[in-house]
Amino acid sequence: MEIKLYNTLSRSKETFTPLVPGKAGMYVCGPTVYTYAHIGNMRSYVFADLLRRMLEYNGYEVTHVMNITDVGHLVSDADEGEDKLVEGAKREKKTPWEIAEFYTQDFMHSLEALNILTPTIICKATDHIEEMLEFVQALYDKGFAYRIEGDGIYFDVTKLPDYGKLSGQNLEDLRAGARIEVNERKRHPADFALWKDAPPEHIMQWPSPWGPGYPGWHIECSTMSMKYLGRRIDIHTGGIDHVPIHHENEIAQSEALTGEPWVNYWLHGEFLQVDGGKMSKSLNNFYTVSTLRERHFDPLAFRYMCLNAHYRTPLNFTWEGMEAAQTALQRLRQAYQQLPASSEKPSPPLAEKFHQAINDDLNVPLALSYAWEAARSNAPRSKALLDQFDQVLGLKLSEPAAQQQELPPELAALLAERNEARARKDWARSDQLRDELASMGVIVKDTKDGTEWEYRPK
Ligand code: AMP
Ligand code: ZN
């Protein structure tokens with residue numbers, strides 16, 4: 001069945017044709033590991049995971065490469081300020097290496113909690129310094145880069161007439177729109193660092209033909225994606241904030257090196273928002289997978305929330321929304337578990353509709369509605385069908401729903417005490433017990449049909 005993908009480069013849905021039949025290579029821009037990844041970042045990785053699972057559902061052998069940025073990403077994406085890893089190291093009085101190690105581990109746990117399949121290859125920038133230097137040298141030799149003494153090696157964007165094509169900007173607009181304080185020694189304000197000179201006190205530094213230094217941020221993705229996927233690549237993903245600088249610069253470096261088109265399909269995920277704005281580390285308005293757990297949510301309820309919005313639409317995060325997602329996921333699991341087991345083959349029409357939905361630029365919200373249809377149908381084939389759908393959805397439908405878990409005796413006793421307090425209309429005591437129960441993972445809700453509870457142990 002045909003797969004359609006929305007390509008940021010052409011601003012249209014295109015039919016997916018792989019470079020090698022039956023195989024698909026995808027490069028996913030990974031996290032900068034200087035602090036915790038937040039659930040906004042994780043939305044981008046859930047999206048990439050859905051893409052991979054969809055391709056695998058279609059029988060493709062997928063090579064999924066993700067980098068770990070552990071050097072070179074400066075505080076401003078436009079090569080200004082300190083390296084984020086150095087900033088993290090100062091904040092926590094550790095070395096940048098320790099910072100990278102700690103937050104990489106934390107990130108891996110978040111991937112696991114959200115049932116994101118482990119990438120085929122995970123590559124760290126600091127393990128590829130030599131290859132990056134070769135890349136920079138080649139660009140320099142070909143006349144695409146120049147040196148600013150005491151600063152570093154910069155890419156000359158004017159050497160590529162189509163610079164800006166991903167975000168639809170041209171060189172004149174970029175010059176006109178540049179901020180005044182931009183580095184005046186650059187030939188064009190959009191020129192970007194390939195390699196930065198390191199002052200002696202800079203901890204992360206390597207020898208280079210231009211003296212000790214460290215790589216710019218963008219060069220790692222061009223270098224590692226080509227190393228593991230070849231000089232031409234099927235798919236590259238990231239969040240939409242990466243379109244105007246990071247991905248534009250990746251394209252410039254890569255196409256300058258090879259002289260041919262580089263990535264065939266550019267896919268970008270929209271933001272997870274808070275109060276209508278981007279959830280971000282720098283705005284300090286973020287939550288992590290650990291926050292979800294502390295509040296007794298199943299991290300997969302967050303995955304469910306992501307599945308319920310198309311990846312190209314912004315999703316506003318609220319705790320009410322999390323509650324609704326948690327309830328929906330529990331109901332879907334319960335419905336799945338109550339279905340009769342059967343060896344009959346899944347029902348063709350629903351399977352077909354599901355397949356069409358995911359192949360239509362990942363219309364996962366629609367696909368999810370077919371999962372609900374299957375769950376409600378109670379047909380003998382539905383369980384097998386949902387097992388098949390869950391290969392893409394990744395919701396672990398066969399895991400016990402939270403309500404079905406047994407309460408430990410002391411919590412059951414507290415719950416009984418609360419019910420008694422309510423019965424004698426002692427609202428103060430009943431509220432106090434509700435909060436106490438909540439702090440121990442028992443979420444109590446009073447509905448018109450009586451009191452319901454859910455147990456969400458940490
Ligand atoms: P970073 O660690 O900042 O390099 O970001 C890792 C990934 O998360 C990138 O693909 C970003 O585009 C993406 N990202 C950052 N903030 C958000 C957000 N609020 N919603 C969705 N994706 C985001
Ligand atoms: Zn990247």
Side-chain angles (χ1 to χ4, degrees), residues 8 26-51 65-77 83-85 87-88 99-100 103-104 106-107 110-111 114 116 119 122-125 128 132 166-167 192 215-229 233 235-254 262-263 266-289 302-303 305-306 309-317:
T8 309
M26 54 185 268
Y27 184 85
V28 176
C29 279
T32 307
V33 285
Y34 70 111
T35 184
Y36 295 106
H38 56 66
I39 54 176
N41 302 129
M42 297 320 292
R43 183 184 184 204
S44 282
Y45 300 111
V46 169
F47 145 60
D49 182 60
L50 290 169
L51 177 63
V65 180
M66 187 186 70
N67 66 305
I68 300 282
T69 300
D70 57 356
V71 68
H73 190 174
L74 304 191
V75 170
S76 142
D77 283 358
D83 188 323
K84 291 187 180 191
L85 267 293
E87 187 193 59
I99 292 292
Y103 290 111
T104 302
D106 184 77
F107 176 72
S110 296
L111 289 184
L114 295 171
I116 293 169
I122 300 177
C123 39
K124 292 199 288 185
H128 297 79
M132 286 191 240
L166 188 65
S167 48
F192 55 91
W217 171 34
H218 321 292
I219 195 72
E220 67 172 85
C221 289
S222 293
T223 306
M224 295 192 284
S225 59
M226 283 197 201
K227 172 167 178 178
Y228 296 110
L229 293 168
I233 292 170
I235 303 173
H236 194 313
T237 77
I240 45 154
D241 53 336
H242 281 171
V243 175
I245 297 179
H246 184 50
H247 289 167
E248 211 70 89
N249 294 350
E250 282 188 34
I251 293 175
Q253 300 161 155
S254 306
W262 177 46
V263 169
W266 280 97
L267 271 66
H268 292 96
E270 255 290 353
F271 286 144
L272 184 71
Q273 301 185 324
V274 191
D275 302 327
K278 179 188 175 191
M279 177 179 285
S280 87
K281 295 169 194 171
S282 51
L283 295 176
N284 210 20
N285 62 354
F286 65 87
Y287 305 111
T288 64
V289 168
F302 176 69
R303 184 176 172 105
M305 187 189 238
C306 294
H310 190 261
Y311 76 91
R312 283 191 291 115
T313 52
L315 170 60
N316 199 45
F317 180 83

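The shown structure was predicted, so the numbers you read here are calculated from the model rather than taken from an experiment. Atoms within a ligand are numbered from 1 in the order they appear, just like the ligands themselves. If you read the sequence from its start, that first residue is 1, and numbering goes on from there.
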(message) Does the plane of the ring in Y228 sit parallel, tilted or perpendicular to the ring in H128? Use 30° and 60° as the thresholds.
(response) perpendicular
(request) Between Q273 and ligand 1, find which residue part has any heavy-atom pair under 4.0 Å and reply side chain, backbone, both or neither. (result) neither
(message) So V65 and V28, do their side chains get closer than 4.5 Å, heavy atoms only?
(response) no
(request) Answer with yes or no whether M42 contacts ligand 1, where contact means a heavy atom under 4.0 Å from a ligand atom. (result) no
(request) Please determine which of T8, L229, I251, V263 meets the side chain to side chain contact (heavy atoms under 4.5 Å, CB included) test together with H236. (result) V263
(request) Decide, counting backbone as well as side-chain atoms, whether C221 has an N, O or S atom less than 2.8 Å from the Zn ion (ligand 2). (result) yes
(request) Do me a favour and list the nearest non-hydrogen protein atom to atom 4 (O) of ligand 1 with residue, atom name and distance? (result) T32 OG1, 3.2 Å
(request) Give a yes/no answer: is there an N/O/S atom of C29 under 2.8 Å from the Zn ion (ligand 2)? (result) yes
(request) Quick one: look up the protein heavy atom nearest atom 20 (N) of ligand 1 and list residue, atom name and how far away it is. (result) L272 N, 2.8 Å
(request) Would you check the N or O atoms of P31, main chain and side chain alike, for any that come under 3.5 Å of an N or O of ligand 1? (result) no
(request) Could you tell me which non-hydrogen atom of G30 sits nearest to which non-hydrogen atom of T69, and how far apart they are? (result) O-OG1, 4.4 Å
(request) Specify the protein heavy atom at minimum distance from atom 9 (C) of ligand 1: its residue, its atom name, and the distance to 0.1 Å. (result) H242 CE1, 3.4 Å
(message) Any heavy-atom pair between the side chains of W262 and M226 that's under 4.5 Å?
(response) yes
(message) Closer than 4.0 Å to some heavy atom of E270 - which atoms of ligand 1 meet that?
(response) 21 (C)
(request) Please report which non-hydrogen protein atom sits nearest to atom 23 (C) of ligand 1, along with the residue it belongs to and the distance in Å to one decimal place. (result) G40 O, 3.5 Å
(request) Verify the ring-centre separation between F192 and H218: is it less than 6.0 angstrom? (result) yes
(request) Show which atoms of ligand 1 fall inside a sub-4.0 Å distance from at least one heavy-atom site of G239. (result) 10 (O), 12 (O)
(message) Could you check whether H73 and T32, counting side-chain N and O atoms only, form a donor-acceptor pair closer than 3.5 Å?
(response) yes
(message) So Y27 and C221, do their side chains get closer than 4.5 Å, heavy atoms only?
(response) yes
(message) Which residue and atom name correspond to the protein heavy atom nearest atom 3 (O) of ligand 1, and how close is it?
(response) K281 NZ, 4.0 Å
(request) Describe, in one word, how the ring planes of H242 and W217 are oriented to each other, choosing from parallel (under 30°), tilted (30 to 60°) and perpendicular (over 60°). (result) perpendicular
(message) Show the atoms of ligand 1 that are less than 4.0 angstrom away from any heavy atom in K278.
(response) 16 (N), 19 (N)
(request) Report yes or no: does H268 have a heavy atom closer than 4.0 Å to ligand 1? (result) no
(request) Kindly say whether S167 contributes a backbone atom to a donor-acceptor pair with the side chain of E248 at under 3.5 angstrom? (result) yes
(message) I need the nearest protein heavy-atom contact for atom 18 (C) of ligand 1: residue, atom name and distance, please.
(response) F271 CD2, 3.5 Å
(message) Is the ring pair Y36/Y103 parallel, tilted or perpendicular, if the boundaries are 30 and 60 degrees?
(response) perpendicular
(request) Tell me which one of S44, G238, A48 gets a heavy atom nearest to atom 22 (N) of ligand 1. (result) S44
(request) Return yes when at least one N/O/S atom of E250 is nearer than 2.8 Å to the Zn ion (ligand 2), and no when none is. (result) yes
(message) Which of the numbered atoms in ligand 1 are under 4.0 angstrom from any heavy atom belonging to M279?
(response) 16 (N), 18 (C), 19 (N)
(message) Suppose we measure from atom 11 (C) of ligand 1 to each protein heavy atom; which comes out shortest, and what is that distance?
(response) D241 OD1, 3.5 Å
(request) Taking the side chain as every heavy atom from C-beta outward, state whether K124 and N67 have any pair of such atoms under 4.5 Å apart. (result) no
(request) Mind checking whether N41 contacts ligand 1 via backbone (N, CA, C, O), side chain (CB onward), both or neither, at a 4.0 Å heavy-atom cut-off? (result) both
(request) Give, for atom CE of M224 and atom CD1 of I68, the distance between the pair rounded to the nearest 0.5 Å. (result) 9.0 Å
(message) Looking at ligand 1, would Y45 count as a contact under a 4.0 Å heavy-atom criterion?
(response) yes
(message) At less than 2.8 Å, would any N/O/S atom of H246, backbone or side chain, sit next to the Zn ion (ligand 2)?
(response) yes
